[in-house]
Amino acid sequence: MSSVNTKPNFADPDGFYAKLIEAHDGLSDEESAALNARLILILSNHIGDSDVLNDAMTMARNAGQG
Amino acid sequence: MFQDRYSLAFKLYPYERSADQDADSPVRHPVVVMGGGPIGVAMALDLGLQGIPVVVLDDHEGIGMGSRAICFAKRSMEIAGRYGCGEPMLDKGVVWNLGKVFHKEGKVFEFNLLPEEGHKYPAFINLQQPYFEKFLVDRVREAQAAGAPIELRGKNRVDSVTEFDDYVELQITTPDGEYKLQADWLIGADGASSPLRGMLGLDFEGRVFEDSFLIADIKMTADFPTERWFWFEPTHGSGASTLLHKQPDDTWRIDFQIGWDVDRKEEMKEENIRARLDAMLGDVDYEMVWSSIYTFQCKRMDQFRHGRVIFAGDSAHQVSPFGARGANSGMQDVDNLGWKLGMVIRGEAPERLIDTYSEERVYGADENILNSTRATDFITPKSKISHTFRNAVLSLAGEYEFARPLVNSGRLSVPCTYDGLSLNGPDDLTGGPARTRVGSACPDAPLGAGYLLSQLGNGFQILTIDADAPDEITVDGVTAKRLAITASDDATGALTERYLGDAASAVYLIRPDQHVAARWDRFDEQAVQAALQIACGKEVTA
Ligand SMILES: Cc1cc2nc3c(=O)[nH]c(=O)nc-3n(C[C@H](O)[C@H](O)[C@H](O)COP(=O)(O)OP(=O)(O)OC[C@H]3O[C@@H](n4cnc5c(N)ncnc54)[C@H](O)[C@@H]3O)c2cc1C
């Protein structure tokens, strides 16, 4: 069973982060939520592997509860 | 005393006094079916064609007005085909392959179902439910004429039942007064609000969805294409979602999602229905045929058998209409129960076999409820974030193909595979296709001048493909006959693809309902005998 890569995997972490915030520039909260949803769908399809996706959802949910 | 709850589309079994009403003591019948909807009548056909006497009691004299179900799936037609009435359904029904999905004002994408070749019946047809029921009743009349012991008794309302160890006593009201009947087996096919369930105090658990749908069937001679159109959040203001479907006789089904807190009386006024229709259709002429408001639930009974009472169809389980799984799953109940009850009544199998009806069809009901609940949650999102994701899918689906499989406006009803259930024998066909694994309904394929499925069913069958086997085998009174084919009979390659896969030869043991009981790469007498016993709910003695 494959699992989520939790080791650093970004070549340019600061660049990625800046791009992510930039993508939301000028959007209302609602539009941002919609953009996030589209992004999650696009990336999820790219990953495809349901073990990885389920794992990622669990991680995201648990981390939010800490 | 006798009040009709609905008006009739076809008056097919007017009340007639039966000799049973004049008997000194209640007459005993092997099987009584309560409810003459599609499921009760199909049940009577299955049993009657086996020669088992069956009495159907319905509190009306025919088929209700108004088309509830309109989509009938391939498997339902195949089952009707086994009873001898699949063809008239196919002839009358509308076949469609093109669907369009809209969001707000624009079209998102369109799809072609691209049906798989080599099946007698299409993936499904659109046909008004009253026609579907009428073809079943017509077939009952034909079977009766040929001696099938079926009785349909109109205006016979079951008011109460008393259970005994090995029979049930029914109290019935007719226009001529009351009488009693006894039944070795009582089948409850009395619909979603099942009075029988109530009489026996049985559970019906699940989820109620807080939304109402207004259906309008309209007649339109305008040149509208034979396609399925589904709108999410149409801006023309006709409802929160809208579905348009073609039916025979220039009739169209339009479903408007109108919310939970609605004034039904107000909504049902013709001018208000027309306002929604006009908003959607624009400037076209149409005639209103029928309309109704419905709400729905996804529920099922915990067990479908309670002693000598067995539930089938909507009385046992109810699903949302998205995915057309109501009548279609009821037909699979009938297909499953018919041969089992027949064998038990003839003394060929232990009563335990009836429990496997509940086991298998509860499994099927859960699959249907899961599918229809998922479609419902996509169509009517239950939270803000769910709505955000739903619209995200729709906003991607136009441009990006990957998002289209996520769009769920109802998944086509397909028969379930009884994976891992107790009647299953071994799956010993290395390289065999997954779609014909043990537990699945046999897919059709061209065979000679006809089709495979019309040569299977009613009894147990041993299907051999390039494998030797005796013409039949018998284990304690149950016979399985052989149907031998060779890969050279397979002009289209469909049989090889669907039944052999990478295997060079195959032996399938197939149940009377055309589900696979076991499969091997060659015939082994002991193995086949043991599987036949398992499939009949028996202990293996071989
Ligand atoms: C809007 C809508 C759309 C649908 N679309 C589809 C679809 O596209 N495809 C699909 O497969 N399904 C669809 N369905 C579901 C389908 O209509 C039902 O699953 C189907 O009618 C169930 O058949 P049944 O015989 O179990 O019950 P019913 O059709 O409800 O029949 C029950 C019968 O029992 C009789 N009865 C009740 N009480 C008594 C009594 N005390 N004594 C004697 N008789 C009694 C009733 O009069 C009735 O004739 C739809 C349903 C709705 C509401």
Side-chain angles (χ1 to χ4, degrees), chain A, chain B residues 101-111 230-235 240-241 366-367 370-371 373-411 414 416-417 419-420 434-435 437:
Chain A
M1 180 175 131
S2 36
S3 54
V4 173
N5 180 5
T6 56
K7 296 279 176 270
N9 195 30
F10 295 113
D12 174 13
D14 292 349
F16 159 74
Y17 192 78
K19 274 271 183 231
L20 182 62
I21 303 303
E22 223 177 274
H24 289 267
D25 271 358
L27 299 185
S28 67
D29 285 353
E30 205 155 304
E31 288 163 341
S32 269
L35 182 147
N36 278 339
R38 289 195 293 272
L39 192 59
I40 289 168
L41 293 169
I42 292 165
L43 295 174
S44 298
N45 177 68
H46 186 84
I47 295 164
D49 186 321
S50 55
D51 290 336
V52 173
L53 293 168
N54 292 339
D55 233 26
M57 285 185 242
T58 310
M59 273 168 63
R61 174 135 192 155
N62 291 344
Q65 282 165 353
Chain B
V101 173
F102 302 82
H103 186 207
K104 301 194 168 144
E105 62 283 335
K107 185 173 86 181
V108 183
F109 67 99
E110 54 181 66
F111 57 91
F230 197 99
W231 272 270
F232 293 94
E233 306 179 316
T235 37
S241 71
D366 282 343
E367 187 174 293
L370 178 72
N371 276 292
T373 302
R374 284 176 172 174
T376 307
D377 285 341
F378 192 87
I379 294 164
T380 64
K382 298 295 173 293
S383 67
K384 198 163 174 228
I385 189 69
S386 158
H387 189 244
T388 302
F389 272 109
R390 198 280 305 274
N391 283 2
V393 168
L394 292 172
S395 67
L396 290 165
E399 202 169 344
Y400 304 107
E401 211 183 317
F402 88 83
R404 291 176 197 167
L406 297 173
V407 175
N408 188 351
S409 61
R411 300 283 181 227
V414 289
C416 86
T417 297
D419 281 316
R435 68 191 287 184
R437 67 187 183 277

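Every chain is numbered from 1 and lettered A, B, ... according to where its sequence line falls, protein lines coming before strand lines. Just so you know, these numbers come straight off a predicted model, no measurement behind them.
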Which members of residues 378-391 of chain B, sorted by number, sit under 4.5 angstrom from chain A on a heavy-atom basis? B:K384, B:T388, B:F389

Relative to chain B, which segment of A:I40 carries a heavy atom at a distance below 4.5 Å: side chain, backbone, both, or neither? side chain

For [X], does the [atom1] atom sit with more than 12 other heavy atoms under 6.0 Å from it, leaving out its own atoms?
{"X": "A:D25", "atom1": "CG", "result": "yes"}
{"X": "A:E31", "atom1": "CD", "result": "yes"}
{"X": "B:R404", "atom1": "CZ", "result": "yes"}
{"X": "B:F111", "atom1": "CZ", "result": "yes"}

With sequence neighbours left out, the residues meeting side chain to side chain contact (heavy atoms under 4.5 Å, CB included) with A:A56 are A:V4

Distance, nearest 0.5 Å, that separates OH of B:Y400 from CG of A:N45: 12.0 Å

Search all heavy atoms of A:A34 against all heavy atoms of B:A392 and return the closest pair with its distance. O-CB, 4.3 Å

